[in-house]
Amino acid sequence: MKINRRIAMLIVVAIIVTLVGTIFAGCKGAVEKAVTEAIEEAVEEVEEAVEAEEEAPAEEVAEEEAPAEEAAGGVFRIYIHEPVTLDPANCYESEGIQVARQVFDVLVKYDIETLETVPAVAESWDISDDGLVYTFYLKKGVTFHSGREVVAGDFAYAWTRLTLAETASYLAYHAAPIVGYDECQEGTADTLTGVKALDDYTLEVTLQYPFADFIKTLGHVCFFPVAKEDVDEYGDLYAEHINGNGAFKFVEWKHDQYINLVRNDDYWGENAKLDEVEYKIFADEDTAFLEFKAGNLEYTAIPQGKVNATVEDADLGGLVIMKPQLAIYYFAMNVQNPPFKDNLALREAVNYAIDRQNICDVINEGVSVPATGFVPPGIPGFQEGAMKYTYDPEIAKQKLEEAGYPGGEGLEPIKFGINVGSGHEMIAEAMQADLKDIGIDIEIIGMEWGTALEAFQNGEISFFRLGWGADYPIMDNFLYPLFHSESSDNYSGYVNLEVDELLVEARKTADDDEREAKYREIEKIILDDAAFALVYFYGIRRIVQPYVKGFALSNMENYDLSKVWLEK
Amino acid sequence: MDISKNNKILEVKNLKTFFYTDAGVVKAVDGISFDLKFGETLGIVGETGSGKSVTALSILRLIPQPPGKIVDGEILFDGKDLLKVSNRELQNYRGNRISMIFQDPMTSLNPVYTIGNQIMESITIHRKLKKKDIIKESLKLLEMVEIPEPMKRLNNYPHEFSGGMRQRVMIAMAIANSPSILIADEPTTALDVTIQAQILELMESVKIKTNSSIIIITHDLGVVAKYASRVMVMYAGKPVEFSTVNNIFYRPLHPYTMGLMESITRLDEEKKEELKPIKGSPPSLMDLPEGCIFRVRCKYAIDKCRKKYPPLIEAIKGHKVACHRAYEFLKGNLKNID
Amino acid sequence: MENISEIDELTTEKKYSRSSLYKDAWRRLRRNKLAMLGLAIVIILILIAIFAPLIAPYDPIERIKKDSSLSPGKAYFFGTDLLGRDIFSRVIYGSRISIEVGIVAVGISVVIGLFFGALSGYFGGISDIAIMRMADIFFAFPYILGAIAIMTVLGPGIVNIFIAIGILGWASFARIFRGSILSIKNKEYIEAARALGANNYRIITKHIFPNSMAPIIVYATMNVGVAIIVEAALSFLGLGVQPPTPSWGKMLAESLDYIDIAPWMMLFPGLAIVITVLGFVLLGDGLRDAFDPKLK
Amino acid sequence: MFFYIIKRILQVIPVIIGVTLILFLLMYVIPEDPARLILQKGATEEALQNLRVKMGIDKPLYVQYWRYMTQLAKGDLGTSYRYRRPVDSILADHYPNSIKLAIAAILIEIIIGLVAGIISAVKKYSFWDILVTVSTTLAVCIPVFWLGMMMQVVFGLKLGWLPMSGMGDGSLRYYILPAVTLASVSTAFVARMTRSSMLEVMSNDYITTAYAKGLSQFKVIGKHALKNALIPVVTLIGLDLGALMGGAILTETVFSWPGVGRTIYLAILQRDAPVVIGGTLVLVLIFVFINLIVDVTYAWLDPRIRYEKKEVNV
């Protein structure tokens with residue numbers, strides 16, 4: 001009797017606590033739900049405690065047998081980290097992007113294998129002779145999941161929304177070449193004048209200057225069509241009610257738990273085979289990997305440090321996906337601040353001191369390859385051996401002496417910033433040891449990602465790691481955002497007016513070969529300035545269950561789940 | 001109840017209860033023997049630490065164990081050795097055939113239950129009655145111990161009662177099942193003088209009503225004189241003298257008892273004072289001297305007392321004493337030594 | 001985690017004179033086998049920390065690039081980590097960090113706690129109420145969240161870890177000291193001292209302080225263990241000691257990811273933490289029992 | 001009792017003011033520009049300034065504080081800088097999960113902690129007592145996240161008995177590992193405190209009385225000793241419920257549990273002031289509230305405490 005009263009007491013406490021929690025959270029709708037949930041939960045816990053043991057095994061058997069009957073269909077479960085948002089206008093990190101790509105389709109797509117730009121919602125397009133005006137002819141019968149047809153106006157709306165100051169999108173700059181962009185950003189205009197819906201199926205885009213790679217940029221998430229009525233209805237909460245035109249429909253985003261998608265049976269293309277896609281949210285990839293091993297995920301990342309063990313594993317070895325990724329890992333030195341300011345020799349010393357091969361082999365277990373330049377292989381225009389710096393501690397020591405710090409004498413310990421988690425600590429420690437060998441002391445400062453970016457940007461920390469992955473597979477994407485003095489992604493304070501000029505010039509160059517040559521030249525100039533110590537080109541380390549068929553991964557880590565089926 | 005031949009309801013033989021502490025073995029009770037007759041009130045008298053309470057607790061095996069342990073002896077209740085019965089069986093004796101009243105009514109009642117709950121509990125354990133009857137019975141008990149407004153009082157908590165009232169509640173609980181023996185361990189020590197008399201009168205009347213025997217443990221010789229028929233005097237865990245009240249009071253044969261008697265006249269008006277009638281203090285129970293344990297405080301001590309502990313012998317019929325010189329006292333030879 | 005009633009119990013004043021209190025306590029402590037085990041662990045740990053350079057076969061931050069991720073063997077007793085550093089040497093040197101964290105952080109707690117406890121208990125009134133409410137808030141707020149918040153404001157670094165852990169621990173010491181003061185404050189000898197013209201400072205330092213040291217010693221000993229655990233937790237969250245300093249918490253946190261493929265990496269620093277904390281906890285328990293055998 | 005509760009509820013107000021003030025100052029100390037945090041890339045100084053004005057963060061701290069408090073009075077906790085969602089919806093997503101986990105942990109504490117403590121006290125110096133003492137001592141010495149990950153690998157991966165992470169379908173199985181991890185240290189404390197509290201209670205006269213009545217040992221312990229011994233334990237458990245909710249960061253991280261501790265922790269790292277302040281405020285309120293319940297529970301456990309009388313008399 002005593003125990004029952006105590007449990008009753010706890011249930012009461014639970015209810016009241018839940019009440020208080022939700023009332024103060026001001027979410028009146030959630031109050032009832034939370035209370036009932038809490039009661040149910042508490043009651044269940046007590047009741048089920050007894051039954052749990054008997055029930056559990058029975059459940060497992062049922063789970064394993066059921067899907068075997070249906071060959072097509074099934075649920076595809078993928079590890080992701082909690083995305084910041086799923087709103088295409090603001091999907092700036094890989095987590096939100098991979099979900100949005102399954103839910104939305106844009107004018108053009110990147111082929112998973114070749115990364116060629118192929119038409120999607122746009123059937124075809126014309127480009128004016130001066131390269132300024134693009135006219136897109138849209139497919140008919142492409143509908144949003146809400147049932148309404150996707151029309152040219154939806155693109156015009158979405159792109160305007162992307163560039164408006166009030167949206168405060170990190171991605172707006174992708175639309176920078178379009179006429180009216182500056183006005184929208186400054187808040188002086190409320191429409192992006194360069195984008196016009198001539199009729200429901202014709203979209204006209206006018207650029208400020210000829211941008212030869214423009215079409216190739218349009219596969220980016222930020223150009224996805226958004227229905228105005230959805231934004232009007234949900235406002236701040238739009239990200240939890242995204243309504244796209246892709247092969248999968250968005251169902252629910254349970255924060256820090258999962259994001260659910262189901263097959264869109266009214267898809268304009270070929271319908272997907274999977275019934276559902278479940279993005280399972282984990283705090284870190286190690287936990288996800290354990291879940292994969294336990295058979296609870298179809299696709300996940302292999303955590304740093306476990307690649308070799310996985311490849312050598314009899315069961316898992318054959319499931320590993322390893323391929324080069326269009327991304328670069330680098331250490332940036334802020335040339336506006338001491339000790340790097342006006343000290344090329346010091347920056348070169350750092351460049352020569354880093355044992356890139358060791359980092360790639362030991363920490364990254366051979367998944368990545370030492371960087372040879374900014375532009376990774378796989379991007380058209382890639383040049384072999386663009387960078388002259390190799391691992392040579394002797395030269396590094398000489399350079400350090402040249403820099404005025406023989407043997408590191410007189411040089412204060414340099415703060416090095418990383419974002420915590422994701423395995424950057426080990427790389428930082430390896431680099432720290434490398435620099436220690438030539439006499440430079442490094443103090444590693446771990447920060448949360450957003451905070452870290454802020455500290456890099458305001459110059460609080462002058463030496464830090466960053467990575468850059470391709471938004472679209474062109475050279476410009478590795479050079480313009482990182483090194484143009486006015487680009488907001490230029491965290492290192494790198495200013496070279498010659499480079500600025502050349503970057504703009506290259507964009508305007510219509511001829512592919514000529515343009516590539518210009519970009520190669522720019523890359524060389526930047527490398528000579530040594531404001532960066534390039535480390536490696538990323539490699540993809542992923543793993544997929546053996547019964548997953550039709551799954552392909554691009555060098556940009558994109559995948560298209562509409563072609564995937566499960567065979568088990 | 002079958003009263004055995006010699007009219008003894010309880011017989012304690014050679015009881016030894018020791019406490020095993022870090023510092024050593026404390027022989028709190030070391031070879032006590034006595035008997036209790038049907039309907040009689042037996043007094044056990046001694047200084048603090050003489051082993052009176054431990055004796056009482058040992059009878060119902062209430063010694064905290066560890067560190068305490070009853071190492072030897074027999075406790076025959078109605079012919080049955082309570083030291084040999086199982087725990088379960090023992091529970092049938094406790095509170096039913098033998099009850100106890102404790103020294104401090106302030107701490108003897110559980111503070112978190114109503115007194116009604118605690119009285120009813122005493123009944124419920126030993127008798128199968130309907131709830132209604134239990135309440136009726138409880139009210140009757142409260143009336144018997146003269147608590148006004150018993151109905152209302154049932155729902156009160158101990159802290160809402162005065163000390164005297166609480167002791168009445170304790171008595172009510174003790175007599176709930178009309179026990180054969182009521183053991184009262186210094187029942188009035190913690191109470192005011194006026195209340196003391198009331199409680200003792202109450203016990204006496206209850207004893208008559210319920211037809212029970214009482215063992216009253218006290219250091220108050222006045223109480224013993226008034227209520228007990230026989231008295232056992234204890235010193236340092238051992239019995240030193242055991243006889244009728246008259247013998248003890250008018251013809252004590254042990255120097256310790258003599259000292260106690262002298263102190264009554266000296267301290268008559270200050271009864272609350274702790275009993276310390278004789279110069280010096282009792283020996284440490286951990287480190288008892290050889291020979292007679294009282295000899296260091298004894299003005300009659302002789303050489304023999306140093307060598308051998310005097311056994312408890314029946315000096316004359318119905319008067320046991322443990323002193324080498326008892327016969328000399330009996331003959332009156334030593335009357336005026338000082 | 002605070003054991004509040006234990007604190008209250010610790011504050012009850014002893015009747016023994018001071019010197020006999022400590023002598024008796026030592027006598028009881030010596031008989032307590034577990035406490036002596038704890039003491040032995042602590043002493044050995046201190047010796048290891050002092051003589052780390054003599055014991056450790058390798059430089060704790062030196063990498064042997066070719067020997068990365070080796071399992072325990074002849075050359076490396078505890079194996080090597082991912083960067084090829086000798087885990088045994090790192091564990092040996094790690095004792096220095098752990099002892100530093102434990103002692104310095106708890107030292108800070110004690111100093112702050114004594115100051116506010118004295119203010120609160122001796123002067124009473126508004127300062128008492130304010131300080132005790134403040135202590136309540138510190139008790140109420142989840143320890144680890146508090147540590148994170150302070151670390152965020154101060155930034156990472158070992159000194160800041162001392163400060164964060166130190167600041168968070170003051171409340172229990174303030175309570176203990178306040179309790180001691182309240183129970184001693186009105187004793188005759190304090191009255192006598194006051195009558196003889198002793199000032200507040202003198203009364204606190206000469207009379208109250210020595211008499212309330214026992215519970216503080218006990219609690220401080222136990223808190224050293226807590227501080228070592230908190231350091232490990234902060235490291236796990238990436239807020240701990242910065243590399244390449246060999247701290248057990250950091251080593252454990254870094255190696256936990258490889259628990260399924262290289263369990264030796266996390267085993268040794270983990271065991272080092274557990275054994276050390278165990279040493280301080282056992283010693284603390286023993287001291288408590290020794291100072292106040294009633295509580296056992 | 002009624003007036004007592006009212007009084008206690010009114011006492012919450014200064015606590016709210018104190019806590020928000022401290023948090024405001026704390027977030028102010030951190031040199032961070034929320035406008036920059038929101039715009040981050042590609043923002044012009046004008047755009048930043050516009051946003052600052054819109055958010056009101058161009059004003060002095062006291063104006064901002066007043067603004068926050070007036071909005072709070074209306075039940076508005078503001079919008080997250082990072083997730084751009086209303087703070088209340090973020091909290092509503094995570095608090096129920098934390099509460100459920102905390103309750104599961106508390107149940108473990110109560111069931112295992114109390115039983116172990118009682119057995120340990122009743123069978124003092126027995127094998128079981130030693131087992132409990134050893135395991136509770138060890139539980140305090142093992143870092144929580146280490147314990148959690150080892151259980152994850154052993155029970156989840158190697159043996160496959162229990163799910164390793166997340167809440168899954170919300171069934172009990174998902175609660176076991178995180179709840180045990182979360183409860184480990186507290187259970188040890190509850191067991192130790194129950195033991196010492198029981199031992200103290202068992203030496204009381206009324207326990208002897210209960211035995212003398214003829215009660216079985218089971219009943220004496222279950223009825224007479226336990227209720228008295230529970231009083232300090234209830235305080236510990238009550239204090240713990242609050243701490244388990246906000247302090248479960250390590251457990252939530254190891255088991256990817258969608259709780260509020262990790263949310264606040266990340267918000268601190270991300271300088272997401274509205275989430276930090278809102279989340280912590282709710283935490284403090286829950287704490288204050290639980291304290292109230294603990295005090296009321298006292299009155300139930302110990303009739304000597306009757307709050308309304310205290311109010312009248314004092």
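Remember, predicted model here, so these are calculated numbers, not experimental data. Residue numbering restarts at 1 for every chain, and letters A, B, ... go by the order of the sequence lines.
Ranked by heavy-atom pairs shorter than 4.5 Å toward chain B, the options D:Ala210, D:Gly214, D:Ser203 are led by D:Gly214. Of the residues considered (B:Pro179, B:Gly95, B:Ala176), B:Gly95 shows the highest number of contacts with chain D, using heavy-atom pairs under 4.5 Å. Between chain D and the options B:Met170, B:Gln118, B:Arg61, the largest number of non-hydrogen pairs under 4.5 Å is found for B:Gln118.
Counting heavy atoms from C-beta on, the side chains of B:Leu129 and B:Ile123 come closer than 4.5 Å.
For a residue to count as touching a neighbouring chain, one of its non-hydrogen atoms must lie under 4.5 Å from one of that chain's; by this rule B:Ile125 touches chain D with the side chain only. Contact of B:Ser108 with chain D is made through backbone and side chain together, with heavy-atom distances under 4.5 Å. For chain D, the nearby part of B:Leu57 is the side chain; its heavy atoms alone come within less than 4.5 Å.
More than 12 heavy atoms of other residues, nucleotides or ligands lie within 6.0 Å of NZ in B:Lys207, so this atom counts as buried by the packing criterion.
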Quiz item: Are B:Glu74 and B:Lys84 close enough, and set up right, to give a salt bridge (charged side-chain N to carboxylate O under 4.0 Å, His left out), and what steps lead you there?
Solution: CA-CA 8 Å; B:Glu74 279 175 65; B:Lys84 294 212 171 76; 5.5 Å; no

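D:Lys223 and B:Asn117 are linked by a side-chain donor-acceptor pair at a separation below 3.5 angstrom, with hydrogens and angles left out of the test.
Judged by the 6.0 Å and 45° rule, B:Arg153 forms a cation-pi pair with B:Phe161.
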